[in-house]
Amino acid sequence: MDMPLDAMTDVSDEALLVLFANGDQMAARALTLRFTPKVMAHAYRLLGNHAEAEDVTQESMLRLWKIAPDWRQGEAKISTWLYRVVANLCTDRLRRKPGLALDAVPEPEDNAPGVTERIQDHTREVALQKALNQLPERQRQAVVLRHIEGLTNPEIAAIMEISTEAVESLTARGKRTLAAKLAGQRNELGYSDD
């Protein structure tokens with residue numbers, strides 16, 4: 001018998017996946033609502049393209065559904081597995097095609113009240129994405145996972161299949177490079193030295 005969706009908020013990710021593998025469609029919906037925004041945001045940060053990120057998100061979730069019956073509990077967190085799948089799919093897409101011009105990236109919808117604030121936020125997002133796009137692929141992935149997605153270094157190490165020390169090195173070099181690339185734009189981006 002399917003559990004109601006609101007009763008699933010306290011159910012662990014693994015338990016939801018097991019319920020889905022046993023035919024509980026509400027568990028699939030709960031997992032989808034729980035992970036799709038995170039997966040989409042991560043894919044967008046790595047690709048810089050909303051449509052491509054949507055495709056990667058959909059493919060990642062499909063892969064989760066396919067692996068559900070064979071999921072080996074306790075070996076990895078579902079979120080770690082999903083981030084790794086997203087990273088791999090994004091890497092495949094980035095290697096397949098030439099980079100997109102920043103002008104081709106659609107402006108995300110923003111419900112902020114002021115036009116000036118929206119323009120400033122967009123300018124900052126574009127500058128950050130442009131700087132991220134200039135980082136080497138592994139540095140970009142580490143920086144996005146750590147400083148945008150908020151994951152811990154051990155989680156990132158598991159996703160990227162590298163040591164925690166390598167994650168620390170990648171994020172430190174990436175942050176330094178981003179700071180250098182964005183330093184000359186402080187006034188343009190609305191940051192004062194006050």
Side-chain angles (χ1 to χ4, degrees), residues 5 8 13-14 16-17 19-21 23-71 75-111 118 121-151 155-162 167 170-171 174 178:
L5 187 59
M8 294 188 172
D13 300 337
E14 279 196 352
L16 286 173
L17 194 60
L19 287 170
F20 166 72
D24 188 332
Q25 295 302 310
M26 291 306 287
R29 185 164 181 199
L31 276 172
T32 300
L33 292 172
R34 191 175 288 181
F35 283 113
T36 298
K38 294 175 186 177
V39 169
M40 178 66 185
H42 183 57
Y44 176 76
R45 284 295 181 190
L46 293 178
L47 295 170
N49 179 285
H50 191 75
E52 293 273 334
E54 285 179 345
D55 290 345
V56 165
T57 300
Q58 190 171 42
E59 178 64 24
S60 299
M61 295 307 291
L62 284 173
R63 288 185 182 194
L64 180 63
W65 305 142
K66 287 178 184 176
I67 199 172
D70 301 318
W71 184 261
E75 287 190 19
K77 289 174 53 177
I78 293 171
S79 59
T80 301
W81 184 88
L82 266 174
Y83 277 121
R84 186 177 298 139
V85 168
V86 169
N88 290 339
L89 289 172
C90 289
T91 297
D92 290 347
R93 285 177 182 262
L94 289 169
R95 289 181 180 160
R96 263 198 326 244
K97 62 197 304 191
L100 295 170
L102 274 179
D103 294 338
V105 177
E107 180 178 347
E109 288 186 32
D110 186 8
N111 296 327
R118 287 195 313 234
D121 288 345
H122 177 67
T123 302
R124 289 173 179 169
E125 286 178 25
V126 169
L128 176 60
Q129 190 63 51
K130 183 177 178 183
L132 283 169
N133 289 344
Q134 293 174 11
L135 290 178
E137 182 181 323
R138 302 287 280 173
Q139 281 183 24
R140 178 174 57 237
Q141 185 179 1
V143 167
V144 167
L145 286 169
R146 180 71 182 107
H147 297 290
I148 296 175
E149 301 298 332
L151 298 180
E155 289 173 320
I156 298 167
I159 291 166
M160 295 180 71
E161 298 178 325
I162 58 176
V167 170
L170 285 170
T171 55
L178 282 176

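This chain uses plain numbering: 1 for the first residue, then up along the sequence.
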Trainee: Listed by chain and number, what are the side chain to side chain donor-acceptor pair (under 3.5 Å) partners of Q139, not counting sequence neighbours?
Mentor: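 With neighbours one apart ignored, the set is empty.
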
Trainee: What is the minimum heavy-atom distance between L135 and R140, and which atoms define it?
Mentor: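 Scanning both residues completely, I find the closest heavy atoms to be O-NH1, 3.5 Å.
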
Trainee: Measuring from R34:CZ to S79:OG, what's the distance to the nearest 0.5 Å?
Mentor: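 The OG atom of S79 is 10.5 Å from CZ of R34, to the nearest 0.5 Å.
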
Trainee: Just verifying a value: how many Å separate M26 CE and L31 CG, rounded to the nearest 0.5 Å?
Mentor: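 It comes to 12.0 Å.
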
Trainee: What residues form a side chain to side chain donor-acceptor pair (under 3.5 Å) with Q58, not counting sequence neighbours?
Mentor: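 For Q58, no residue satisfies side chain to side chain donor-acceptor pair (under 3.5 Å) once neighbours in sequence are set aside.
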
Trainee: In Å, rounded to the nearest 0.5 Å, how long is the span from CD of E125 to CG of L128?
Mentor: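 Nearest 0.5 Å value for the CD-CG distance: 8.5 Å.
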
Trainee: Please report the interatomic distance CG(D13) to CH2(W71), rounded to the nearest 0.5 Å.
Mentor: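 Rounded to the nearest 0.5 Å, the CG-CH2 separation comes out at 9.5 Å.
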
Trainee: Is it true that E155 and K77 make a salt bridge, defined as a side-chain N closer than 4.0 Å to a carboxylate O?
Mentor: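 Salt bridge: yes.
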
Trainee: Quick check: do L64 and F20 have side-chain heavy atoms less than 4.5 Å from each other?
Mentor: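 The answer is no; the side chains never approach within 4.5 Å.
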
Trainee: Can you find a pair of side-chain heavy atoms, one from L94 and one from L47, that are under 4.5 Å apart?
Mentor: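 The answer is yes; the side chains approach within 4.5 Å.
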
Trainee: Evaluate L145 against M160 for side-chain contact (heavy atoms from CB on, under 4.5 Å), listing each step before the verdict.
Mentor: CA-CA 10 Å; L145 286 169; M160 295 180 71; 4.3 Å; yes

Trainee: Measuring only between side-chain heavy atoms, which start at C-beta, is L16 closer than 4.5 Å to I78?
Mentor: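 Not touching, per the 4.5 Å side-chain cut-off.
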
Trainee: Below 4.5 Å, heavy atoms only, C-beta onward: do I148 and Y44 meet side chain to side chain?
Mentor: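 No; the side chains remain at least 4.5 Å from each other.
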
Trainee: Got a second to check how far L17's CG is from I67's CD1, nearest 0.5 Å?
Mentor: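 That separation rounds to 8.5 Å.
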
Trainee: Do you know the tightest heavy-atom contact between Q129 and R45?
Mentor: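 Heavy-atom minimum between the residues: NE2-O, 3.3 Å.
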
Trainee: Please test M61 against T36 for side-chain contact (heavy atoms from CB on, under 4.5 Å), starting from the C-alpha separation and ending with a verdict.
Mentor: CA-CA 8 Å; M61 295 307 291; T36 298; 4.2 Å; yes

Trainee: Looking at side-chain heavy atoms only, is the closest gap between T91 and E137 below 4.5 Å?
Mentor: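 In short, these two side chains touch, coming nearer than 4.5 Å.
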
Trainee: Considering only distance and modelled atom types, tabulate donor-acceptor pairs under 3.5 Å from the side chains of residues 82-90, sequence neighbours left out.
Mentor:
residue : atom : partner : partner atom : Å
R84     : NE   : A158    : O            : 3.3
R84     : NE   : I159    : O            : 3.1
R84     : NH2  : A158    : O            : 2.1
N88     : ND2  : R84     : O            : 3.4

Trainee: Enter the distance from T57:OG1 to L62:CG here, rounded to the nearest 0.5 Å.
Mentor: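 Taking OG1 in T57 and CG in L62, the distance rounds to 11.0 Å.
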
Trainee: Indicate the atoms forming the closest heavy-atom contact of A142 with T171, along with that distance.
Mentor: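 Of all heavy-atom pairs spanning A142 and T171, the closest is O-CG2, 3.5 Å.
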
